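Below: one structure, written as structure tokens.
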Amino acid sequence: MSRRLVSSGGPWEESEGYSRAVAVGDACFVAGTTDAGPDGESLHPGDAAAQARAAFAIVGRALAEAGFGLEEVVRTRMYVVDPGDAAAVAAVHGEIFRHVRPAATLVVVAQLMTPSLLVEVEAEARRG
């Protein structure tokens, strides 16, 4: 079975040993994704919905590079640092996946890598 690695081009992939996405057979797994810019800070500070939208766009690009589409997503995980942002992030998820309806989890966490990051998302896709 072939294994395809998709890179984000981020500086941490090499040093920390991970890929933006890994496609194996009929499955693709997208790593935790934020809207962090090259300096590691959010490109949309203070706006959880914009961060979620940007992160899911990055997920979509990684899936496409691996030969998958958002319509093949079967599971998502969303992490927020503020429970007050949960509804906004869930609404963005609904905009993107309203007709796909993957199994989804939304969890409140203490913090992400930097305080400006409010949202991180993961996705898994399968063909068939």
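Along the sequence shown, residues are numbered consecutively beginning with 1. In this text, all values refer to a predicted model and were calculated from it rather than measured experimentally.
No continuous path of ILVMFWY side-chain contacts below 4.5 Å connects V24 to V30, so the two sit in separate hydrophobic clusters. Hydrophobic clustering places V92 together with V81 (ILVMFWY residues linked when any side-chain heavy atoms are closer than 4.5 Å, directly or through intermediates). When the side chains of ILVMFWY residues are joined at heavy-atom separations under 4.5 Å, either directly or via intervening members, M113 and Y18 end up in two distinct hydrophobic clusters.
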Would you sort out whether E122 and F29 count as a side chain to side chain contact (heavy atoms under 4.5 Å, CB included), showing the intermediate values? CA-CA 8 Å; E122 298 176 3; F29 306 90; over 6 Å; no
Can you check side chain to side chain contact (heavy atoms under 4.5 Å, CB included) on C28 and E124, steps first, answer last? CA-CA 6 Å; C28 185; E124 298 174 18; over 6 Å; no
Show, in sequence, the C-alpha distance, side-chain angles and deciding distance for R4 and V22, and conclude whether the side chain to side chain contact (heavy atoms under 4.5 Å, CB included) test is met. CA-CA 6 Å; R4 179 168 183 195; V22 177; over 6 Å; no
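Counting all heavy atoms, side chain and backbone alike, V121 lies closest to A55 at CG2-CB, 3.6 Å. Heavy atoms only, all atoms of each residue included: G32 and R20 are closest at O-NH1, 3.0 Å. Smallest separation of non-hydrogen atoms from S116 and S42: OG-N, 2.9 Å. Listed here is the closest heavy atom pair of L118 and A48: CD1-N, 3.9 Å. Closest non-hydrogen pair, Q51 versus G46, comes out as NE2-N, 4.1 Å.
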Validation: residues 58-75 side-chain donor-acceptor distances under 3.5 Å, sequence neighbours left out:
| unit_1 | atom_1 | unit_2 | atom_2 | d |
| --- | --- | --- | --- | --- |
| E72 | OE1 | G69 | N | 2.8 |
| R75 | NH1 | T105 | OG1 | 3.4 |

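In terms of modelled atom types and a separation under 3.5 Å, the side chain of E13 and the main chain of S19 share no donor-acceptor contact.
Looking at heavy atoms from C-beta onward, T76 lies in side-chain contact with F97 at the 4.5 angstrom threshold. Contact check for V119 versus M78: no side-chain heavy atoms found under the 4.5 Å cut-off.
For the side chain to side chain contact (heavy atoms under 4.5 Å, CB included) with E120, the qualifying choice from T33, T34, V80, D35 is T34, the only one to do so.
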